[in-house]
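Scroll down for the structure; my scribbles are underneath it.
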Protein chains: 2
Amino acid sequence: MTISEENYIKVIYHLSLVSPKGVNTNAIAGMLDTKASSVTDMMKKLSDKDLVSYQKYQGVTLTDKGLHSAKMIVRKHRLWEVFLVDKLGFSWDEVHEIAEELEHIKSEQLINKLDAFLGFPVADPHGDPIPDAKGVIKKIEKQLLSEVEINASFHCVGVKDSSTDFLKYLDKQKIALGSVVKVIDKEDFDDTLTVEIDGKRLTISNKIANNLYVQ
Amino acid sequence: MTISEENYIKVIYHLSLVSPKGVNTNAIAGMLDTKASSVTDMMKKLSDKDLVSYQKYQGVTLTDKGLHSAKMIVRKHRLWEVFLVDKLGFSWDEVHEIAEELEHIKSEQLINKLDAFLGFPVADPHGDPIPDAKGVIKKIEKQLLSEVEINASFHCVGVKDSSTDFLKYLDKQKIALGSVVKVIDKEDFDDTLTVEIDGKRLTISNKIANNLYVQ
DNA sequence: TTTTATTTTTAGTTTTGTCTAAATTTAATT
DNA sequence: AATTAAATTTAGACAAAACTAAAAATAAAA
Ligand SMILES: [Mn+2]
Ligand SMILES: [Mn+2]
Ligand SMILES: [Mn+2]
Ligand SMILES: [Mn+2]
């Protein structure tokens, strides 16, 4: 598999979590910052290699083979992110780009040894689950902070949006994975929340609460 | 710089340590397992980018810019090799191939943090020196075991040939970097050596002694 | 110093992954 | 149901990096 093919497979994987019936050509093009016609070309190639099942105009889905490949790429991406944060001291908003490159390094032995070196982590720095060597993903129970009952305590366990902007906002507010959160009050008009994070009062918009997973 | 361009630059660097006057097209082709005509094409491209100075039929040399790039690639290669051996537990004959891929990961911050994480090593698992962040290479004093006086003690500090076959031979004979070696006797006819390695007697051929650096 | 051999370069293709522009199919509106 | 709009695919072209075969330059041998 070339790097380009791997990037397509990974994007199809992420999109098919939202649209399991079939992923649109345009959606893929949007994610990869390329043109729909290029996507069509690549779908034929991936279909020939039995990585996706594709019929014209109907969108694509991953085959078993394609799904497994995708999980291995995601596994590598997330393990490298853990390495970069835990071992090299990068912050969680700096690692995605580098992991985009590292995820294409080929050796299976490498990634399994890395996994062991990191202590077999189950989640990456953004709270996303790490597939094991067989591709099994341990589901992490979580809810969006926006959908949680008032006056109960939770732990931050992940982010939905992992853009630099959002992560830096969380840093500024001293919100990290592991922080204890309690919703004190919810404004009816715009769903703004008053929360207590690690004991400190804070007002956060619905947009924030909608991108923070708690458990 | 593309991966292909980086590979050419690195090969030219290694070859120019032996032929500083100018590196042959055929030599480059041989190292990269490609054809001379492909090399010529690439030399034009690298010349346009001011990474090599090239005139037809006269061979190529690296420009200052090219030399610096080459050293940064070598730096990455060797640091990753240290990581693979010291942190992940690979043996010294397994790491070269993987480092061939890792050396192309782009981030400068990554490599400098990796360097720090590894404790700023000065040599890789094969005893080859690691350029620092500025490209400075600390010269390691060393001689070939074949050229050393009899009855003096030395330490193994590197290998000239780092092929799997040779490294596995050394493993089998329990010769490692750091081992103490003393030449007891040299056979005049074929330069076979009788040596003592960490106290144990051993007979080794001239070919072996010619590929082992001591200090 | 010719002649021959080797090395290197040029010319013309191929493959991969991309693009634009045009054609086609499907979806959405009147 | 007919028309318009949007999504998707085809056709044709291009750049990167490789190849083969032929031409040209350099080096070695006679
Ligand atoms: Mn990421
Ligand atoms: Mn992540
Ligand atoms: Mn190496
Ligand atoms: Mn090495």
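Not measured: the values here are computed from a predicted model.
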### Message
Would you say the ring centers of B:His96 and B:His126 fall short of 6.0 Å from each other?
### Response
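No, the ring of B:His96 stays outside the 6.0 Å limit from the ring of B:His126, centre to centre.
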Rounded distance (Å) that lies between atom [atom2] of [N] and atom [atom1] of [X]:
X	N	atom1	atom2	answer
B:Asn7	D:dA17	CG	C1'	12 Å
A:Tyr57	C:dA28	OH	C1'	17 Å
B:Ile3	D:dA17	CD1	C1'	13 Å
B:Met43	D:dA17	CE	P	12 Å
B:Glu6	D:dA16	CD	P	16 Å
B:Lys45	C:dT9	NZ	C1'	16 Å
A:Glu5	C:dT16	CD	C1'	9 Å
A:Gln58	C:dT26	CD	C1'	9 Å

Counting only side-chain N and O atoms of [X], is one of them less than 4.0 Å from OP1 or OP2 of [N]?
X	N	answer
A:Asn26	D:dA6	no
B:Ser4	D:dA16	no
B:Lys35	D:dA18	no
A:Asn24	D:dA7	no
A:Tyr54	D:dT8	no
B:Lys44	C:dT10	yes
A:Tyr8	C:dT16	no

### Task
Scan B:Arg78, B:Lys71, B:Lys76, B:Lys10 and name whichever one has a salt bridge (charged side-chain N to carboxylate O under 4.0 Å, His left out) with B:Glu103.
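Result for salt bridge (charged side-chain N to carboxylate O under 4.0 Å, His left out) with B:Glu103: B:Lys10.
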### B:Thr40 side-chain proximity, nearest of C:dT10, C:dT18, D:dA18
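For the B:Thr40 side chain, the nearest candidate turns out to be C:dT10.
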### Task
Give, for atom OG1 of A:Thr192 and atom CG of A:Asn206, the distance between the pair rounded to the nearest 0.5 Å.
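Reported value, rounded in 0.5 Å steps: 7.5 Å.
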#### Entry: Given DNA chain C, 5'-ward residue of the pair A:Asp41 and B:Gln55, judged by closest heavy atom
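In this pair, the answer is B:Gln55.
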### Query
Toward the 5' end of DNA chain C, which comes first, A:Ser38 or A:Lys56, by nearest nucleotide?
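The residue mapped nearer the 5' terminus is A:Ser38.
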#### Entry: Backbone of A:Thr34 reached by a side-chain donor or acceptor of A:Ser38 within 3.5 Å
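Looks like no, no N/O pair under 3.5 Å.
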### Ionic contact status for A:Asp161 with A:Lys207, cut-off 4.0 Å
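Judged by the 4.0 Å cut-off on N to carboxylate O distance, A:Lys207 and A:Asp161 do not form a salt bridge.
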### Query
Is there a donor and acceptor pair, one atom on the side chain of A:Ser37 and one on the base of D:dT8, closer than 3.5 Å?
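Not at all, since no donor on one side and acceptor on the other fall under 3.5 Å apart.
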